[in-house]
Student: 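The structure that follows is given in the form of structure tokens.
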Amino acid sequence: MIQDKPSLNRRNFLGNITKAGILGAIGLSPVARVAAATTEEEMREAEKAFTEGEHAFLCQPYLQNPGPTAMTVMWMSNKPTYSWVEYGETNALGSTARNIQAGIVDSYDRLHSIRLSNLKPGTTYHYKVLSKEITEFRPYKLTYGETITSDTFSFTTPAKNPKEVSWLVFNDIHDRGADSFPHLMALNKDPYDFVFLNGDMFDYQEDEQQILDHLLTPLSKTFAAEKPFLFTRGNHETRGKYRRELANYFDGPYIFAKQWGPVHFTVLDTGEDKEDTHPVYAGIVDFDEYRRQQAENLKQVVLSPAFKKAKFRVVMMHIPHYYSGDWHGPMECRKHFGPIFEQSKIDLFIAGHTHRPGIHQPVAGQHSYPIVIGGGPKDGNRTLIKVKATEKDLSLVMLKDDGSEMGRVDLKSKRG
């Protein structure tokens with residue numbers, strides 16, 4: 001999940017700074033200096049233009065990929081650094097973690113991802129992140145600058161075999177995260193273990209600054225420094241020139257199966273809703289094959305002991321295979337995934353995409369499980385989905401953005 005290290009090469013450096021979203025913040029003259037540089041000295045001077053100013057974090061740390069014995073901490077700095085995490089069971093901390101690959105400690109990065117391992121299940125840990133600026137990185141000389149330190153935060157690892165799990169679901173924020181995340185989170189008054197982002201957090205992916213302003217900064221300020229979030233793409237996350245880079249900002253794939261206490265979660269990536277041949281994609285997508293491959297993998301997931309033994313089987317993905325019209329994407333999802341959902345007897349399905357919030361009870365001959373679809377990005381149509389499961393019961397409540405209840409699902413486990 002760590003970005004490649006910039007090399008002292010004009011083409012690579014220009015590409016890296018463009019990806020970093022710095023262009024809009026500082027204007028064109030530094031870019032022109034990079035483009036005009038012909039010597040290493042000129043390149044160093046050009047690079048310096050991009051790193052002037054006070055060393056600072058671009059967002060607070062945010063938690064990823066939770067497990068009973070591990071947690072990933074990610075954050076961003078505005079300059080290339082050597083970074084690490086200090087953590088422990090008390091505010092005294094005492095332990096240090098870095099990311100090391102093939103004997104080399106990750107450094108000269110702006111995007112940082114460090115996995116804390118060998119943790120205790122069901123235990124609260126305190127942590128802070130530190131980033132030491134690297135002002136010069138030559139083959140035989142490395143010069144450090146200022147070290148910046150975050151506040152101290154805390155998180156709790158999941159228990160090894162928890163008896164219950166609670167989570168929140170957001171979908172279809174569409175670049176309105178700075179307002180919607182704190183507003184919707186304020187509606188929740190109950191404990192929760194993690195937050196799931198069910199696609200279309202953006203309209204499209206343009207650059208890194210967009211990801212910071214509309215996702216990482218509001219999430220880390222609102223909850224993500226102390227509660228982890230998981231993410232899968234919506235169809236709008238497949239659009240824009242920065243779409244391939246988006247995965248770098250999360251520790252985990254868009255498609256996964258996860259057991260958490262009484263619930264087995266299956267998360268799928270539904271791709272685009274139009275035909276692959278549609279002119280807007282210009283021949284550079286192949287979501288039909290991607291969905292077909294996921295269906296083959298799903299057939300193996302539902303045969304796993306974890307899936308079969310789970311008290312509740314929950315599927316979450318962006319595009320619902322019913323109640324979403326007869327567009328190509330929904331119909332492909334219905335064709336590939338629908339029969340597997342029926343045969344494997346899933347208990348609950350959660351989606352977004354339509355901007356028409358609703359809870360659809362089972363319909364004979366179509367789906368034997370409730371289909372819950374979250375709302376859209378506009379005021380009055382935004383929703384917060386809250387779910388809690390024990391070994392016997394699962395309850396889901398969908399709230400409107402005024403705090404009123406829109407609907408609910410209450411299930412009893414069918415597996416003793």
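FYI, side chains are in, hydrogens and waters are out, and symmetry mates aren't considered; it's all heavy atoms of this structure.
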Student: Apply ring-ring contact (aromatic ring centres under 6.0 Å, His included) to Tyr87 and list each qualifying residue two or more places apart in sequence or on a separate chain.
Tutor: none

Student: Below 30° counts as parallel, above 60° as perpendicular, anything between as tilted: where do the rings of His264 and Phe307 land?
Tutor: perpendicular

Student: Of the non-hydrogen atoms in Asn188 and Asp190, which two are nearest, and what is the gap between them?
Tutor: ND2-O, 2.8 Å

Student: Among Leu63, Val73, Ile114, Thr72, find the one that has a side-chain contact (heavy atoms from CB on, under 4.5 Å) with Asp251.
Tutor: Thr72

Student: Would you find a donor on one side and an acceptor on the other, under 3.5 Å apart, between the side chain of Gln205 and the backbone of His236?
Tutor: yes

Student: Roughly how far apart are His328 NE2 and Cys333 SG, rounded to 0.5 Å?
Tutor: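 His328 NE2 to Cys333 SG: 9.5 Å, rounded to 0.5 Å.
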
Student: Would you verify whether the NZ or CZ of Arg291 falls within 45 degrees of the ring axis of Phe337 while also being under 6.0 Å from that six-membered ring's centre?
Tutor: no

Student: When Phe265 is tested against each of Phe196, Phe312, Trp167, Phe256 for ring pair (Phe, Tyr, Trp, His ring centres under 6.0 Å), which residue passes?
Tutor: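 Exactly one option meets the ring pair (Phe, Tyr, Trp, His ring centres under 6.0 Å) with Phe265, and it is Trp167.
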
Student: Just checking Arg292: does its CZ atom have more than 12 heavy atoms from other residues, nucleotides or ligands closer to it than 6.0 angstrom?
Tutor: yes

Student: Could you tell me which residues satisfy ring-ring contact (aromatic ring centres under 6.0 Å, His included) with Tyr323, sequence neighbours excluded, listed by chain and number?
Tutor: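 Checked Tyr323 against ring-ring contact (aromatic ring centres under 6.0 Å, His included); matches are His360, His367.
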
Student: Crowded around Arg98 CZ? As in, over 12 foreign heavy atoms under 6.0 Å?
Tutor: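 No, the 6.0 Å shell around CZ holds no more than 12 heavy atoms from other groups.
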
Student: Going by the ring pair (Phe, Tyr, Trp, His ring centres under 6.0 Å) test, name the single residue among Trp260, Phe229, Tyr62 that passes it with Phe194.
Tutor: Trp260

Student: Backbone N or O of Arg334 within a donor-acceptor pair of the His336 side chain at under 3.5 Å?
Tutor: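 Judged by distance alone, no pair lies under 3.5 Å.
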
Student: Assess, by modelled atom type and distance only, whether the side chains of Gln294 and Asp269 contain a donor and an acceptor separated by less than 3.5 Å.
Tutor: no

Student: Does His126 offer a backbone N or O that forms a donor-acceptor pair with the side chain of Glu89 under 3.5 Å?
Tutor: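 It does not hold such a pair.
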
Student: Could you tell me whether the side chain of Ser131 and the main chain of Ser83 form a donor-acceptor pair under 3.5 Å?
Tutor: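 No.
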
Student: Checking Asp401 against His183 for the side chain to side chain donor-acceptor pair (under 3.5 Å) test, could you report, in this order, the C-alpha distance in whole Å, the side-chain angles of both residues, the deciding distance, and whether it holds?
Tutor: CA-CA 8 Å; Asp401 58 5; His183 178 88; 5.0 Å; no

Student: So does Gly240 get a backbone contact from the side chain of Glu206, meaning a donor-acceptor N/O pair under 3.5 Å?
Tutor: no

Student: Could you tell me the separation between the CD atom of Gln60 and the OG1 atom of Thr222, rounded to the nearest 0.5 Å?
Tutor: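 Rounded to the nearest 0.5 Å, the CD-OG1 separation comes to 9.5 Å.
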
Student: List in chain and number order the residues that pass side chain to side chain donor-acceptor pair (under 3.5 Å) with Trp84, two or more places apart in sequence or in another chain; answer none if no residue qualifies.
Tutor: Glu86

Student: Can you pull the side chain to side chain donor-acceptor pair (under 3.5 Å) pairs that have at least one residue in residues 274-286, sequence neighbours excluded?
Tutor: Glu272-Tyr281

Student: When rounded to the nearest 0.5 angstrom, what is the spacing between CG in Leu184 and CD1 in Ile173?
Tutor: 6.0 Å

Student: Under a 3.5 Å distance rule, please check whether Thr270 uses its side chain to pair with a backbone N or O of Ile319 as donor and acceptor.
Tutor: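 Judged by distance alone, yes, a pair lies under 3.5 Å.
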
Student: Can you list the residues that meet the ring-ring contact (aromatic ring centres under 6.0 Å, His included) rule with Phe223, with sequence neighbours excluded?
Tutor: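 Phe223 satisfies ring-ring contact (aromatic ring centres under 6.0 Å, His included) with no other residue.
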
Student: What residues, two or more places apart in sequence or in another chain, satisfy salt bridge (charged side-chain N to carboxylate O under 4.0 Å, His left out) together with Asp179?
Tutor: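 Once residues adjacent in sequence are excluded, the partners of Asp179 under the salt bridge (charged side-chain N to carboxylate O under 4.0 Å, His left out) criterion are Arg382.
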
Student: Once you measure the plane-to-plane angle for His321 and Tyr369, does it fall in the parallel (<30°), tilted (30-60°) or perpendicular (>60°) bin?
Tutor: parallel

Student: Once rounded to the nearest 0.5 Å, what's the spacing between atom CG of Leu219 and atom NE2 of His214?
Tutor: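 With rounding to 0.5 Å, CG (Leu219) is 12.5 Å from NE2 (His214).
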
Student: Are more than 12 heavy atoms from other residues, nucleotides or ligands located less than 6.0 Å from atom NZ of Lys221?
Tutor: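 Counting other residues, nucleotides and ligands, NZ of Lys221 stays at 12 neighbours or fewer.
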
Student: Please determine whether the number of non-hydrogen atoms from other residues, nucleotides or ligands lying under 6.0 Å from atom CG of Leu303 exceeds 12.
Tutor: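 Check passes, neighbour count above 12.
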
Student: Quick one: does any side-chain atom of Asn171 pair with a main-chain N or O of Gly375 as donor and acceptor, under 3.5 Å?
Tutor: yes

Student: So, taking the atom named CD1 in Ile340 and the one named NZ in Lys299, what distance separates them when rounded to the nearest 0.5 Å?
Tutor: 5.5 Å

